[in-house]
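Have a look at the structure below before the remarks.
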Amino acid sequence: LPFLVNRAIFTSIFRRVSQRFRKNRVHQQEVGCKTLKYYVIAITMISLCSQVSLNQQAQIKETRRVLVINGAGLSAPSVELVMREIRLGLEENSAFRIEYYAENLESALLPGETSQDTVRNWFIFKYRDRKPDVIIAVGPDSIRFMAASHQEFAPGTPIVFCCSAEEQADFPKLDNQFTGTWFKRDPPKTVEAALRLKPETQQIVVVGGVAPFDRHLEAAVRQSLQDYNANLQVTYLTDLDIATLLERVKHLPKNSIILFTSMLEDSAGRYFDANPSTVQILSAAANAPIFTMTQTLVGQGSVGGFVVAYSGQGRIAAGIVNRIFSGEQPQEIQIANSPGIFMFDWRAIQRWGFKESNLPPGSVVLYRQPTVWQIYKRYIAGFVLLCFIETLLIFGLLWQRARRRMVEKSLLERLTFESLSSELSTTFINLPEEHVGSNLEKSLGRIAEFFNLGRITLFEISPTGMEFTKAASWIDEGTPPSPEIIGKSRFPWWTSHALRGEVLLIPDTNDLPQVASFEKEYFQEAGIISAASVPLAIVGKTIGAMVLISIKRRVSWNEEMVRQLRVFAEIFSNALERKRITKALVASEDFKSAILASLDTQIAVLNKDGIIIDVNDSWTRSEGQLGFATEATSIGTDYLDVLRRMESAYTEAQEVFGCIQRVMSGLVPFARCEYRSRSSGHPHWIALNVTPLQTAEGGAVIAYKDITNLKNVEARYGELIETVPAIVWRGHPHAFNPTFISRRVEDTLGYSVASWVNQPDFWKDHVHPDDRDWAVAFTRKANQEEGKHDFEHRMIAADGRTVWLHSIVNVIFENGRPSELMGVLVDITDRKRTEETLLRKDAELAEAQRLANVGSWCWEPKTDTVNWSEELYRIAGLDPRLPAVSYKEHSKIYTPESWDRLRLAVEEALRSGTPYELDLEMVRTDGTTRWVIARGEAQPGATGRIEQLRGTVQDITARKQVEQILRESEQRFRLVANTAPVMIWMSGTDKRCTYFNKPWLDFTGRTLEAELGNGWEEGVHPDDLQGCLHIYTQAFDLREEFTMEYRLLRHDGEYRWVEDRGVPRFNPDRSFAGYIGSCYDITERRQASETLATFSGKLIQAQEEERRRIARELHDDINQRLALLAVELQNLKRMSSDSPAEVHDLIEELFNGASELSTDVQSLSHELHSSKLEYLGIVAAMKSFCHEFAAQHGVEIDFGHNNVPVDLPGDVSLCLFRVLQESLRNAQKYSGERFFEVRLLGVDSEIHLSVQDSGVGFDPANEAIVNRGLGLISMRERVSLVKGSISIESKQMGGTEIMIRVPLARDIRPGPKKWVEGRGEYGLSADIAG
Amino acid sequence: MDYPRILLADDRPEVLEAIARLLEGVFEIVAAVEDGLRAIEEAHRLDPDVHVLDISMPTMNGLEAAFFLKGSGCTGRTIFLTVHEDRDFVEAAFAVGALGFVLKSHFATDLVPAIRTVLLGQAFISPSLKLTGMVSSDQLSRNQVINVNRGADP
């Protein structure tokens, strides 16, 4: 590779140098010479390098000589093909430089033994100095030659052969230096292919020559065609000379095929150097297709066939040579067979009309000729595409032209429209109002012409706004005139739409809807085909409509047209509006002038320089005399100058000047001054208003008014006010002192007018202190609201009196803000006093009402007149028709004691006015007594002396009676409580104790006072107190009954257990009153039950102990001894083996007896005390028991357990086990069920055992059943021994569940872990099992 | 050749005596104790090949003793010699690591074969119990871990 690369570089550089040189020679010879010098140096260096590497290459690559010997000459096509392949094959792969030598045996030209020898000698001579490394023998002749000459010519040189069938080379004897590949000819395959292509074939003509090779092939064909003989006729034309043969093949029968083998020599002894040319001649002459078996013959006119392929032979040979070069021995290389291939000539297939689809699969078809379409398809497609594009182009251009014409047309129309519209616009802009009408008609005509319409009419909306009146119209010849007025009565549909400012487009009047029937009728009568209405509008307000009519043709009113019509409508709208506005303006000016002229105020307008630019008629009439116009002032006079000149004469002129200046300079928006003028002869009061002139230049409007009369009226008004019997005032809304107040205020309140007006907040400061806050707030608020407000308040007069005033204030608004207050203050003190009296009377009345059902009376001591109400008569049991009982007679209607008290109270009341209230006992005429409450109070008269007593008498007998009963009942209760053998207490609604009976106090030895409230808590045992209070409080809050036990300290210092039961108590009205409780000393009872519990527990324990002892005894002693006995018996049996059989049997019997006895003792022991419980734990014991129980009684027991602690204390285990035994026995006996469920569960720090059946159940409250057989009792006892609880849930027919819960003490001795796991499996616990 | 070394534990001296008589000349009795606690002490001290334990013993019963023997690393095999004929006891015995279960009433005939059997690492249950097949192979293999550590059998 480096060599090749160097060469390539060298070549390219050389080429470039020479090019440069040539160029430079022409243009820049000097420079060129210089460059050339560098190139030459570079080339020299590079070529030196190249040379070095070239030498290196030559040294590395070894040379191998390959001699290729072929039979035929190099000119033979097959030989040429093979040679090329050999060369390529060797060059591709060889690591050696290959030297080729090709030799030709010319066997076709030099046949015979002698010539072979000559050739061999020649070769030996020729290659004596360069012995080939490998000889390749190509073709049968070469192989034969080498087979014969190997030992002499090139002994030991490996021979690689190819391109021959073995039989073709006469099965040569090859030594072990030979290797290569043999052809395999297969004539039947060619015949097969021929029959596929031409199934109708009946005859096969085999054509061949007489040369040995020809004969050889013929023989092979003959042999293989034997199978076809039956169906096909086979003719051999193999012994003919070429001329005869050609003649024969011209006239072969129909349905023949020719199978050409080989013809190197004909019968006439003529040699043919190559078969291909022979086949060409034959195929040209033959009237049947020729099939062959050689690759080189395909393409020479023959159809083809299954041929030996020369291509590939060379490649195979080269491969073998390469293997030899790489060190393999020829004898190691297997001689290969080269199979043939199907190969056909397309042209021949076409010639004979064969179908390509009939070719055998995998066939190679040569010389395929493409069709015209295949050759020229790109040109044709290109041409068609070109045509298509050109067509498109033409159409595009045509469309473009049409479009342009349309655009031109529309542009023209637009231009016309725009010039028309602008012309119309300009016409109307500057047209004087009086010419507008005629111009409108003209313009309408132009538009009608533009649109080709018959009539255009402009309508304006009439002032009523309900109809349209004609403003202008243009009518073409032959078109009827338009109506003058369009109203709802005649054209309802059109009018209503047009009034709304809608565009109406009617391309065809026949298409009008039913609602437009009036319009339709009109259009048809007038012969109108199309119509349209475009609104005339100014700033969105419809002022009329433009109506367009066509009678000649139908107008479609397209969008463009409507747009243009709208433009015209706008122009006309503006024209009409201008006309209307001009009219209105003139009218308005006239109107305004008339108003100004009618005013008596003299008005002048000044420009910014003070020059009068306008005056009203009034000014003109009076020559401005009010405005200092001693000289004539009119338009053009410099008014400010006039004023300046007047200043010296009239001081008021200075004031006027100041007003005008202030307004004109923009300091104030309005100025007013009033002054007494002397300038016009007799004094006048004149008011001046100055307002700015609202123009761009500025200026002022000044208005003078003579207000002399007004001033006079004002003066008279002031006088009037003083006569009004009320205080009149005026003031500012934000101040608390009036600007004016009438003099009457001095009479009413005593303060001078001046102090009211001058002191700020005067009113506020003198309002009564009690009213001040609200009155000030009220006025502040009211002053912001327009209209009248009134309120009453008190003021402190100068002499300290309180004066009630009714204040009426009128708030006057100007410009939306309060500007002035006008008010009246009326003194209403007298009225107020009257009112107060009335109120007191009301109070009396109210009291009387309050005393309904209570008698009232009134007594005047002076006259001793007494008035009684009906009620009082009723209470006293007297007839109301009789006169009331006089004061003196009162002694008769009261008990003496009551009368005494009453008398004293009345005397006191008369003396000092002290009211009284007494409980008195009244004696009625029927002898009964009634309890009353008598109340009385003195009424002072006008003189201040007491003139009257009045009061009430209330019957309280019923209440007194109830009180009495209550008192008695309570006394009785206390008596009972104190004598009862139980301790009783009571508490109020506040939980504090209010009562303890005597037994309680005796028990505790304390006083009642010490115990009341929370004092009793001191006697409760400190350990029990919290619990007690908790129960008490909880029950109290819920109003529930409670029972509690606690220790109470007895008087002798001993704590006694008491049972305290409390119940809530209620008042007669069902309201809660507190608690009542009773206590018993239960110490003895408790001790008894505790003793009993301990006793029965001990009993059970003792029983268990005894059982265990007996069981142990039985098991450990008796049983062991029995076991030993059994052992001894066995020993005896063994020792007495030679005793008589009877003895032997006896011993056997004794042994069996002992064993049985042992078993029985063991089960007895087990029944008394479960050894499993002891050794295997509760789970195993229970499981086992359940199992045994089930088996014994024929029932099913489902035993389950979970989380059972392993170190369950022994007493707990035993208790649970016994309970289980008892429960199951009960269940089996009474439930009537056959299925029971037993569960033993560890739950938190408790262990639960439940025994359940679904049997008949029973009533747990039924003592008789519960105590059945003492079973349940003993269960309870056992469970209570281990501080557990037992619950029995049973329902009639609902099954029974016995549930035992036993708490496990936290301090269970941790101890060594038991070997039995709690889960009841007999597995080891995890840490040991591992 | 050494005799296999046996530890006996039974709270009844006459039983111990009877066993000793039976095994004399066949095995070497290294210790004969009367409760489980003593059995553990002696086993640790003497490392016998086989422990023959009664179940019902004061202070510490046989099952507990066997459990501790196994848990504390003693490699000797355990045989229970007991009057308990119940299947539960057999299960319990194997659960705590025993390899043999012999009924006292049959020890004259069963004990020697039982010791020989367990020395071979196989389970033995008195044939009169008819429970021979009850020990699971899994259970047995667990109990036999001892064998591997102990080396060659006598």
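The sequence lines fix the lettering, A, B, ..., with proteins before strands; numbering per chain opens at 1.
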**OP:** With side chain to side chain contact (heavy atoms under 4.5 Å, CB included) as the test, would you mind laying out the steps for A:Leu1122 and B:Lys104 before giving the verdict?
**Re:** CA-CA 9 Å; A:Leu1122 280 168; B:Lys104 257 187 192 161; over 6 Å; no
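- Of all non-hydrogen atoms in A:Phe1151 and B:Ser105, the two that sit nearest each other are CE1-O, 3.6 Å.
- In terms of heavy-atom pairs under 4.5 angstrom with chain B, the leader among A:Leu1124, A:Leu1129, A:Asn1119 is A:Leu1124.
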Original post:
Does the pair B:Glu91 and A:Lys1183 meet the rule for a salt bridge (charged side-chain N to carboxylate O under 4.0 Å, His left out), with working shown?
Top reply: CA-CA 14 Å; B:Glu91 283 179 9; A:Lys1183 195 170 167 184; over 6 Å; no
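- Atom NE2 of A:His1187 is surrounded by 12 or fewer heavy atoms from other residues, nucleotides or ligands within 6.0 Å.
- Atom CZ of B:Arg12 sits about 6.5 Å away from atom CZ of A:Arg1121, to the nearest 0.5 Å.
- Neither the backbone nor the side chain of B:Leu103 comes within less than 4.5 Å of any heavy atom in chain A.
- Between the OH atom in A:Tyr1175 and the CG atom in B:Leu63 there is a gap of 8.5 Å [rounded to 0.5 Å].
- Nearest heavy-atom pair across A:Ala1123 and B:Val83 is CB-CG1, 4.1 Å.
- Environment of CD in A:Glu1148: crowded, with over 12 heavy atoms of neighbouring residues, nucleotides or ligands closer than 6.0 Å.
- Taking CD from A:Glu1188 and CG from B:Asp88, the interatomic distance works out to 8.0 Å, rounded to the nearest 0.5 Å.
- Distance CG/A:Leu1176 to CG/B:Asp86: 8.0 Å, rounded to 0.5 Å.
- Between B:Asp54 and A:Gln1120, the closest side-chain pair of non-hydrogen atoms falls below 4.5 Å.
- Inter-residue side-chain proximity for B:His84 and A:Lys1172 is flagged as unmet; no heavy-atom pair is nearer than 4.5 Å.
- In B:Arg38, the CZ atom is not crowded: 12 or fewer heavy atoms of neighbouring residues, nucleotides or ligands sit closer than 6.0 Å.
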